[in-house]
Structure formats: C-alpha cells, structure tokens
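Structure record follows, encoded as structure tokens.
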Amino acid sequence: MEARAVVAESTPAITVRNLTMAYGDFTLQRDLDFTIEAGDIFVIMGGSGCGKSTLLRHLIGLNEPARGEILYGTESFTKAAPERRSEMLRRIGVLYQSGALWSSMTLAENVALPLGEFTELDQSEIAEVAALKLALVGLAGFEDYYPADISGGMQKRAGLARAMALDPDILFFDEPGAGLDPISARLLDDLIIELRDSLGATIVIVTHELASIFAIGTNSVFLDAESRTMIAHGPPVELRDQSQNERVRRFLRRGES
C-alpha cells in the first residue's frame, strides 16, 4: 500500500523559511525551505546524524534556530512572545520515540495529565475523555493498566492517545516504529492514517523505516548529512522513482537488488 494525499487547504500548516540549525559554531543543517500542507503525513528523512530529530525539536520549540523562521499557518512561531508560543503549542501533540509514559501512572492517568493542566473539565469529564482517546487507539478496557503491563506497541498507542488528548491540529512523531516488530509497526502505520482521515490532523513524522515512509508518507523532506542541507522535497514514492540525486535514490531504494 502506498499513501494517498488529501486535498490541501490554501494555507500551509507549517512553513519553514531559510532555517539553519547549529550547535555553537557547528552547523548541522542550513537553508531549509519547505512547507507542510494541512492534512499531510509529512516525513522528515535522511541518513543517521543528518539532524532529523533536531529539526522536529526546532518545529516544536525545544531548540531555537540559528537563523530563519518557522510559521504555524500564517503566524510566526519563532518570533512569537512566550505566552503566545505556549498557546500555539496547545494545537500540537507529540509522540516521542520511547512513548514517554509515566511508569507510576495508569494509562488513563497518563492521558489525563494534559487535560487536567490545560482544560477546565472536572474529574469525571477528564476520565471520560481519557477513555475515549484510549478507545480511539484500540486500548478500550486498558484504562487501569500501567505501562509495564502492556507491550511496546501498546505503549506507543497509549503515548499517541496522550498526544491526542487536547485534540491537536498537528501531531509530531519521532521514530514511531522504533523497537516494534513488523506487524506492530504496520498496525501503527494504519492507525496513523486512520487518525489523519478521521480527525483531519496534519502529521509530521521522523523515520528511516522505508515500509512506513512509502505506506503513509504523502510528502517529505530529505536532509543530507554530507552537504548539511535539504537535497529533496516531495512525495516519497516520486522521489524514489524520479529523483536525479544519487544519495536520495540510494536511501529510498536500499535493499533492492
């Protein structure tokens, strides 16, 4: 199965303009310019050490650009005041590679955390919403389980339920298939597509897994560690079949005879 794009709205969900990422005097990536359309399942890809996860951290404000700007819709996230940036961040959800669940809390309590902090719902309403979010990811009936009681794939889905708690417009995933067996990874891919279609969310994924890239990615950017900039931007299947760049073709066709 190869991913289908949905029709994009006129204003991109995210715009990256002339972005440079650096640690001190060391430039990791420079001159990044691309857009993520509303409804995309957008893949950030490239070889090890190219800065994929660092770019995700810039997109959600954990790292600051050395140069350039990131916009959410038509509004600059980079230049926003701290209070406004916090408001903008409530529109996003993040699923980290580990799932990042609190081990001492049940799954329902993990999902309830952002609801208790950022909404005025009472405890019974929070419990109801938490149960609904867990049901959406196939974990109905697991509300009182602890992370240690469930499999790695279920932990990823529970982390996704928490990322969805505030009904975000944009979901970010950092290597969602890491550590999963092929069947669990495929089920997670199917769930990501289902959530995009049912919730209308825009999804941004860091991954190097070819099966996921081709199954769910509707658009992408390719970061190159050697030249320290982006060398391709477009649907992954088109880049695999049509890119004139040898490094892009080699990455996307690895394993082929």
Side-chain angles (χ1 to χ4, degrees), residues 1-6 12-14 16 34-46 48 50-63 70 72 77 89-101 107 110-111 114 133-134 136-139 147 151-223 235-236:
M1 180 182 68
E2 291 181 347
R4 285 185 301 107
V6 297
I14 301 174
V16 174
F34 60 89
T35 58
I36 301 173
E37 301 296 340
D40 261 347
I41 299 180
F42 189 94
V43 180
I44 299 171
M45 58 185 180
S48 298
C50 69
K52 299 185 297 294
S53 292
T54 302
L55 175 55
L56 185 147
R57 291 173 61 86
H58 278 73
L59 293 175
I60 62 177
L62 294 179
N63 288 26
I70 297 163
Y72 281 9
F77 177 69
L89 286 174
R90 293 180 196 177
R91 296 174 45 210
I92 75 169
V94 184
L95 175 62
Y96 295 100
Q97 186 174 147
S98 64
L101 298 171
L107 302 189
N110 269 279
V111 177
K133 300 301 182 183
L134 287 167
L136 284 173
V137 299
L139 291 175
S151 68
M154 295 170 76
Q155 290 177 21
K156 289 288 181 74
R157 285 188 275 152
L160 177 53
R162 187 177 63 186
M164 293 163 45
L166 298 177
D167 297 321
D169 298 324
I170 306 171
L171 284 165
F172 293 89
F173 296 77
D174 189 6
E175 297 284 2
L180 300 183
D181 62 84
I183 293 175
S184 295
R186 178 59 183 271
L187 291 173
L188 185 60
D189 285 345
D190 292 343
L191 177 60
I192 289 170
I193 293 175
E194 181 181 339
L195 292 173
R196 188 280 306 269
D197 291 344
S198 62
L199 302 178
T202 301
I203 294 173
V204 182
I205 299 178
V206 170
T207 186
H208 66 278
E209 301 287 347
L210 286 184
S212 292
I213 288 171
F214 296 134
I216 66 177
T218 62
N219 208 347
S220 68
V221 65
F222 190 98
L223 305 184

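Scope of the values below: all heavy atoms of this structure, side chains included, with no hydrogens, waters or symmetry mates.
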Asp181: which residues meet the side chain to side chain contact (heavy atoms under 4.5 Å, CB included) condition with it, sequence neighbours left out? Ile183, Ser184
Rounded to the nearest 0.5 Å, what separation is found between the CG atom of Leu188 and the CG atom of Leu95? 7.5 Å
Measure the spacing between CG of Leu136 and CG of Leu199 and express it to the nearest 0.5 Å. 6.5 Å
Test of understanding: with side chain to side chain donor-acceptor pair (under 3.5 Å), list the residues that count as partners of Ser212, not counting sequence neighbours. Asp189
Working to the nearest 0.5 angstrom, can you tell me the gap between Ile44 CD1 and Leu223 CG? 7.0 Å
When you compare the side chain of Thr54 with that of His58, does any pair of heavy atoms fall below 4.5 Å? yes
Taking only residues two or more places apart in sequence or in another chain, which ones pass side chain to side chain donor-acceptor pair (under 3.5 Å) with Arg91? Asp169
Quick one: NZ on Lys156 to CG on Leu180, what's the gap to the nearest 0.5 Å? 4.5 Å
If the condition is ring pair (Phe, Tyr, Trp, His ring centres under 6.0 Å), which residues does Phe173 pass it with, not counting sequence neighbours? none
Under a 3.5 Å distance rule, please check whether Arg196 uses its side chain to pair with a backbone N or O of Asp40 as donor and acceptor. no
Using modelled atom types and a 3.5 Å cut-off, is there a donor and acceptor pairing between side-chain atoms of Thr202 and backbone atoms of Gly39? yes
Rounded to the nearest 0.5 Å, how far apart are CG of Leu171 and CD1 of Ile192? 9.0 Å
Hits for side chain to side chain contact (heavy atoms under 4.5 Å, CB included) against Pro235, two or more places apart or cross-chain, chain-then-number order -> Asn219, Glu238
With sequence neighbours left out, the residues meeting side chain to side chain contact (heavy atoms under 4.5 Å, CB included) with Ala161 are Val111, Lys133, Leu134, Val137
Give the intermediate values and the outcome of side chain to side chain contact (heavy atoms under 4.5 Å, CB included) for residues Leu89 and Phe77. CA-CA 9 Å; Leu89 286 174; Phe77 177 69; 3.7 Å; yes
Give, for atom CD1 of Ile203 and atom CD1 of Ile36, the distance between the pair rounded to the nearest 0.5 Å. 11.5 Å
